[in-house]
Amino acid sequence: LQLDKRLDTTEQVVEEIMRIHRSLPPRPGLDEVEAARSLIQKLEKEEPILLEAIANQRKPSEVPDELFAVLQEMKRGLVRFRSKEQIREAAKLLDLETVHSHFDDFIQRASDCIASPSPNGVSAPASSRPLPRAPTPPSSLYFSEKTPARPKEMVSRDDSFVSKAKPSLYGDGFVAPRTPQIVDSTLTAGKFADNDGEKLSLIKLASLIEVSAKKATKELNLQNKLSAQVEWLPDSIGKLSTLTSLDLSENNIVVLPNTIGGLVSLTNLDLRSNRINQLPESIGELLNLVYLDLSSNQLSSLPSSFSRLLQLEELNLSCNNLPVLPESVGSLANLKKLDVETNDIEEIPYSIGGCSSLKELRADYNKLKALPEAIGKITTLEILSVRYNNIRQLPTTMSSLASLRELDVSFNELESVPESLCFATSLVKLNVGNNFADMISLPRSLGNLEMLEELDISNNQIRVLPESFRSLTKLRVFASQENPLQVPPRDIAEKGPQAVVQYMNDLVETRNAKSLVVKPKKSWVQMCFFSKPEF
């Protein structure tokens, strides 16, 4: 601010007024102001609730009192710090709005001063008409008791008028611009960021939600767009009742608000790669949800309301801390794809048989000891993968899986493959490898799987392949390394799957040929002395 700058003419004064006006940061939008006020009210209510929750936490018996007290104090300090930071950001935005409102008044007064004509028809100089004393802004604009009213007509910071011969603050180009209005039905965080590299703060997120609600937005993509400080979503998220697709993946969200249930039109919800440790019961109100991705979070349980998501077709719960899969999963009759890999699940519930539309089930990297017999009820199942578990045997009902195309039970503790599996004749890929010292043989009816193209039996203790192996004429991939194979010999196995098929075929034909050799006839002496007399 150049306080000693000499201003001798009306043009120079006008130019200086507009320069000062132009020096302000861009004016926040109406939605941003509304969001900031709502956010401050929420934060003021939420802080004592969080502090009370911390105070109610119980100390583990093995943890020293002083150590637990230090932890509690640090948690309280973090809550207060984050609350103040977010309030400060919101207050700053409201302060900026108040300053703009004051400056609008000043610009209007200056415009009136320049436009007032002298008796001879010439505009009077600014010095000939005293300006009213400017109101003194409060020391903290946000905490002022009365928010200045907005003038009906805003003036821009455009100073293009300076080049004109006659100074004037009026014209069509001088209406103050606000945040650009968005007319499309798809919003992205980039439209609310100051530059491409900036991520959304809580204030800007709240503002984006307000705009989205007013524009009846259908899709909202916030993938990796929220700042690290945004750990929860504003309650106003529930206003997005027209939203059909919401992507909040790859952020730092810890908690979802109960108002998430207000997204009644939502069909796609992507929450992967956050830090969510619990879901609100209200998630069961998303009755139109078809796709839900909760992978790579910190979930240790699922709400009972999950059973209401009857339209759900794809559910990804991989990479969480789930110790069990709830019985309610059996209510999802339209579910086609279920991924629960990389959890701590010890048992798949019997109710899984109710998932009558399921085509793909992945439960790798868990602690499963067995599969339920009810798995055989899912006649639509095409892909079943349970790698890296502790499964010792497969259910006999596997024979009912008429649509099964891929089965992977590698890296388990299988002792054998049931004969019943060989009735799942649609199998194209079968992996029973890496069961190490436990598996010593394959089912005799293996040849029934005539559609089989890929077979992995590596790292087991199999010595002899069943004779029916010769029927696997479509086999193009056969992994048998690290087995003490004797039939066929190792050198045959190394030549490829069809060489093994041919070897087994030749072996069986040779045996059959030997069994058909004609025995020699008895001599007349044998017939006379050893035949029984007839009476």
Side-chain angles (χ1 to χ4, degrees), residues 1-37 40 87-118 122-181 191-195 198 201 203-204 207:
L1 185 62
Q2 301 175 2
L3 299 177
D4 58 346
K5 184 176 181 179
R6 183 172 179 176
L7 305 171
D8 296 325
T9 66
T10 299
E11 258 188 28
Q12 290 176 339
V13 172
V14 169
E15 184 177 355
E16 182 66 10
I17 288 173
M18 297 308 294
R19 186 189 67 79
I20 294 173
H21 189 210
R22 191 170 58 251
S23 68
L24 287 178
R27 186 169 192 168
L30 292 170
D31 298 299
E32 289 181 288
V33 174
E34 182 180 344
R37 290 181 181 138
I40 290 174
I87 288 178
R88 185 181 296 115
E89 184 182 358
K92 181 180 178 181
L93 185 143
L94 294 178
D95 282 349
L96 178 58
E97 167 59 21
T98 305
V99 170
H100 269 284
S101 184
H102 281 302
F103 273 38
D104 285 340
D105 291 339
F106 298 149
I107 293 295
Q108 190 61 51
R109 286 167 53 194
S111 298
D112 293 343
C113 179
I114 292 173
S116 298
S118 61
V122 180
S123 296
S127 58
S128 65
R129 184 169 180 255
L131 297 177
R133 187 177 181 85
T136 304
S139 56
S140 177
L141 296 173
Y142 162 63
F143 292 104
S144 60
E145 295 181 0
K146 183 178 180 181
T147 303
R150 289 170 190 262
K152 294 181 180 179
E153 186 179 30
M154 302 300 179
V155 181
S156 80
R157 296 177 296 157
D158 186 345
D159 61 348
S160 59
F161 72 93
V162 174
S163 61
K164 297 180 181 180
K166 183 177 179 180
S168 171
L169 293 177
Y170 288 94
D172 294 338
F174 297 93
V175 177
R178 286 194 173 270
T179 302
Q181 296 298 309
K191 296 180 179 180
F192 279 75
D194 291 339
N195 54 66
E198 183 185 7
S201 64
I203 287 292
K204 290 188 176 181
S207 175

Participant: Using the side chain to side chain contact (heavy atoms under 4.5 Å, CB included) definition, which of the options Val13, Ile20, Val14 pairs with Glu16?
Facilitator: Ile20
Participant: Going by heavy atoms in the side chains, are Arg27 and Ser101 under 4.5 Å from each other?
Facilitator: yes
Participant: Would you call the rings of His21 and Phe103 parallel, tilted or perpendicular, where under 30° means parallel and over 60° means perpendicular?
Facilitator: tilted
Participant: Hey, what do you get for CD1 (Ile17) to CZ (Arg19), rounding to the nearest 0.5 Å?
Facilitator: 11.5 Å
Participant: Quick check for you: to the nearest 0.5 Å, what is the distance between Leu94 atom CG and Ile87 atom CD1?
Facilitator: 11.5 Å
Participant: Atom SG of Cys113 and atom CD of Gln108: how far apart are they, to the nearest 0.5 Å?
Facilitator: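 Going from the SG atom of Cys113 to the CD atom of Gln108 covers 12.0 Å.
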Participant: Give me the atom names and distance for the closest heavy-atom approach of Leu96 to Pro26.
Facilitator: CD2-O, 3.3 Å
Participant: Looking at CG of Leu24 and NE2 of His102, how far apart are the two atoms once the value is rounded to the nearest 0.5 Å?
Facilitator: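 NE2 of His102 is found 12.0 Å from CG of Leu24.
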Participant: Indicate yes or no for a side-chain donor-acceptor contact from Ser207 to the backbone of Lys204 under 3.5 Å, with no hydrogens or angles considered.
Facilitator: no
Participant: Can you give me the closest heavy-atom contact between Pro28 and Val33, atom names plus distance?
Facilitator: CG-CG2, 4.1 Å
